[in-house]
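In what follows, every chain begins at residue 1, and chains take the letters A, B, ... in the order their sequences are listed.
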2 protein chains.
Amino acid sequence: MSRVKLSDIARICRVDISTASRAIRGDVRVKVQTRDKIKKVANRMGYRPNQLARNLVGGATRTIWLVLPSLDASVDHRLVRSASHQANECDYTLFVALHDSDSFGSLATNTSNHYKLILDRAMQGTTDGVIVIPRRGLNDKKILDPIARIKLPLVFLDNYLADFSCPIVTSENEQGAAELAQRAVASGANGVVILFDNLNPVDEARRIGAQKALVKAGIPFCYQQDVHRELQSFGPMVAVLGSSQSSTILPFLSKHFTELLQHRLIFGVFDDWIGDPSPAEKVLVAVQDCDRMARQAVSRLIALIERKKQQPPRLLRVPIKELREQVPLLGLRRPDCRD
Amino acid sequence: MSRVKLSDIARICRVDISTASRAIRGDVRVKVQTRDKIKKVANRMGYRPNQLARNLVGGATRTIWLVLPSLDASVDHRLVRSASHQANECDYTLFVALHDSDSFGSLATNTSNHYKLILDRAMQGTTDGVIVIPRRGLNDKKILDPIARIKLPLVFLDNYLADFSCPIVTSENEQGAAELAQRAVASGANGVVILFDNLNPVDEARRIGAQKALVKAGIPFCYQQDVHRELQSFGPMVAVLGSSQSSTILPFLSKHFTELLQHRLIFGVFDDWIGDPSPAEKVLVAVQDCDRMARQAVSRLIALIERKKQQPPRLLRVPIKELREQVPLLGLRRPDCRD
DNA sequence: TTGTACGCGTTATCAA
DNA sequence: TTGATAACGCGTACAA
């Protein structure tokens, strides 16, 4: 288990530790002969410099972390994959850490402890910078503040906290939601239920986008809390817009099942819809450009680390990649749909 | 700016660093008054012990890595999620590293460089142990050998290399494939195409399992290379068994499209099938118990790290979780496909 | 109960 | 071109 260390190869080569250190890092100030010999010996003995010690004296690790609550949503997979790719291409190694906490389940105490733990480690020189995807419903300010204080390079991805001065990469959420609303209207919706909350900037932007579009189109809409009152006043076809199938639409659906089934339904969500449109006769999906988002986040973080000039917009909004429509697989459900 | 360290709070409390060190770790040999005071000050100043330094003096990092080629398959998501969970519960932090290389795409050179890089880092004291999911088609022996030499705790998950003496957690692959075959036969298959290759232990086990089951059932079968010759001799209904939809069944399907469409089809795969059974009238899915596999892998790795007694079977085969059937959503297909 | 002094493996700053 | 020495932040025998 004991690994070969610098002093070992120094002793064997009959040079000082410092010489060995320099030789191994390819310092030109060491004579070529000596350098080659030392390198050879080091290689032969399978020497691996101890990163812990290196970091302790304060070097770069060429390592970045992607810290996120969980891998539950498909967006997360995509972001992780692309970020990892991009990091590799830039000769960095990206490590992914999940802290298992989101707005819903899990005890806030325990999980936010893991969150803190991870960020704590990040501040101890183990990584050159951090990409954070904050939790949707909880406020991460207190947890992230120390990072800002230390001035450890930080970039927000997807979601973000407004009161940090670091780069942010997110989607054109306002526009995406607006398009969802427009398409719902174009598909015949007589009224719209907006489920975007305002617990975080992303949902807020989406709420605003949907709202603006509907005002402009002159279509009535309401928010979750007013469904009881408003739903009847809507026409026969109702659209329900929310951020995700599993955490927004489905809970809402099961809560207001009987009322909703009195209408023809259209769902509008971000990212993806798994399976059949179900009680709805159509699902609209605004697909985020995860690949581009992740790549941008990594690039910006690395620029920050290497102190290069930043690209202008601190808050970068990546356009929605695609607006997809899904209908039941084998044609009709309900009276009839489409064309 | 720079973080508060032990010497800071020692100076403020007018005690020696060592006393502060003891107090903070709750050593009983320090007077209760002093201890409480020091703890209070440390808390107030937001002191966080530097793990790097702690580790350097010879502790553990309470950190483990999960190294895998990519996050392409849904199995991977599940494994990552559960492993992360389990690690957190054991008060370890799990970091996920992807090296972007699998049997298919990507230049072997560049990607296996990242692979090496990651494992190199692993051997530099930054982690207490590593869980590896090897690549399916390529041999990782050379890359993993150094890890074994160093005796860094290592556990294989899902797939594995036979010639390492570390714990292995995988599925009951042989039995799973056998069940797939049996179910295919029970569903009326008159002949079976086995696409499990023998490039790795997992596929090998599956191939053997399917083969044994079919011999026992007296149903004719063939491997990929003999399809041309054998397919006609099969009856009207043919089953195709492979490890995954995207990397096995679909490529095979498109390669032998016209021949296959002369038969009624059943597909059998592991883990999941996304979307409609397509030209097949039924899909059989052997779902691996990723949660249990990941948890076992983490537990075993931690046991190894903490030098606890190992559970007997070095090669643990977790039973298949479920054998699912998927048929086209709205009843039968056949005469007319797709619109 | 507390302080002294050394070690952990490297890098960096001086001298030589 | 090389060597001695001081950091880096912390743990811990050993001494007081």
Side-chain angles (χ1 to χ4, degrees), chain A residues 1-39 41-42 45-63 120-128 150, chain B residues 1-39 41-42 45-62 120-128 150 152:
Chain A
M1 182 56 178
S2 78
R3 313 204 324 244
V4 26
K5 45 197 176 185
L6 211 43
S7 62
D8 293 330
I9 73 171
R11 181 167 28 78
I12 291 184
C13 293
R14 293 185 177 179
V15 294
D16 190 84
I17 301 188
S18 50
T19 307
S21 172
R22 284 189 282 254
I24 281 169
R25 280 170 303 142
D27 194 316
V28 287
R29 298 174 303 182
V30 64
K31 192 163 61 176
V32 187
Q33 291 182 19
T34 340
R35 201 191 328 168
D36 288 348
K37 181 183 162 198
I38 295 180
K39 272 188 171 177
V41 172
M45 300 182 59
Y47 167 75
R48 311 278 173 210
N50 183 327
Q51 272 297 344
L52 259 53
R54 277 189 164 174
N55 299 160
L56 193 56
V57 328
T61 65
R62 292 202 77 79
T63 278
D120 240 52
R121 282 235 170 76
M123 297 185 291
Q124 297 172 351
T126 350
T127 182
D128 294 344
I150 302 282
Chain B
M1 190 65 163
S2 79
R3 303 174 23 102
V4 26
K5 43 196 176 183
L6 210 44
S7 63
D8 293 329
I9 74 170
R11 183 167 28 77
I12 291 185
C13 293
R14 295 184 176 180
V15 294
D16 190 83
I17 302 187
S18 54
T19 308
S21 170
R22 285 188 281 253
I24 280 168
R25 278 168 305 131
D27 194 315
V28 287
R29 297 173 305 181
V30 71
K31 192 163 61 174
V32 186
Q33 290 183 18
T34 338
R35 201 193 329 170
D36 288 349
K37 182 184 161 195
I38 295 179
K39 273 189 172 176
V41 173
M45 301 183 58
Y47 167 75
R48 307 272 176 231
N50 183 326
Q51 279 296 341
L52 255 55
R54 277 190 166 174
N55 301 157
L56 191 55
V57 43
T61 65
R62 294 203 77 80
D120 239 50
R121 283 237 169 76
M123 296 185 289
Q124 297 172 350
T126 355
T127 182
D128 294 345
I150 302 279
L152 180 70

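- Applying the side-chain hydrogen bond (donor to acceptor under 3.5 Å, both in side chains) test to A/Arg29 and every residue at least two apart in sequence or in another chain returns A/Asp27.
- Evaluation of the side-chain hydrogen bond (donor to acceptor under 3.5 Å, both in side chains) rule for B/Arg48 yields A/Asp120 as partners, not counting sequence neighbours.
- By the side chain to side chain contact (heavy atoms under 4.5 Å, CB included) test, A/Val32 is found to be paired with A/Arg35, A/Asp36, residues two or more places apart in sequence or in another chain being considered.
- The salt bridge (Lys or Arg N to Asp or Glu O under 4.0 Å) check on A/Asp128 picks up nothing, with sequence neighbours excluded.
- For the side chain to side chain contact (heavy atoms under 4.5 Å, CB included) test, residues two or more places apart in sequence or in another chain that qualify with B/Ser18 are B/Asp16, B/Arg22.
- Fit an axis to the five pairs at each end of the helix from C/dT1-D/dA16 to C/dA16-D/dT1 and the two axes sit 50° apart, to the nearest 10 degrees.
- Computed from coordinates, the B/Asn55 CG to C/dG7 C1' distance equals 15 Å when rounded to whole Å.
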Enumerate all atom pairs, one protein N or O and one N or O from nucleotides 9-11 of chain C, separated by less than 3.5 Å.
from	atom 1	to	atom 2	distance (Å)
C/dG9	OP2	A/Lys5	NZ	2.9
C/dT10	OP1	A/Tyr47	OH	2.9
C/dT10	OP1	A/Asn50	N	3.2
C/dT10	OP2	A/Leu6	N	2.7
C/dT10	O5'	A/Tyr47	OH	3.3
C/dT11	OP1	A/Arg54	NE	2.7
C/dT11	OP1	A/Arg54	NH2	3.2
C/dT11	OP2	A/Ser21	OG	2.5

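- For the side-chain hydrogen bond (donor to acceptor under 3.5 Å, both in side chains) test, residues two or more places apart in sequence or in another chain that qualify with B/Ser21 are B/Arg25.
- Here the range on DNA chain D touched by chain B, meaning any atom under 4.0 Å from one of its heavy atoms, is D/dG9 to D/dA13.
- For A/Ala122, the side chain to side chain contact (heavy atoms under 4.5 Å, CB included) test picks out A/Trp65, A/Thr127, A/Val130, A/Leu152, with sequence neighbours left out.
- By the side-chain hydrogen bond (donor to acceptor under 3.5 Å, both in side chains) test, A/Arg62 is found to be paired with no residue, residues two or more places apart in sequence or in another chain being considered.
- Not a single donor-acceptor pair under 3.5 Å links the side chain of B/Asp8 to the backbone N or O of B/Val4.
- With sequence neighbours excluded, the residues that form a side chain to side chain contact (heavy atoms under 4.5 Å, CB included) with B/Ile17 are B/Leu6, B/Ser7, B/Ala10.
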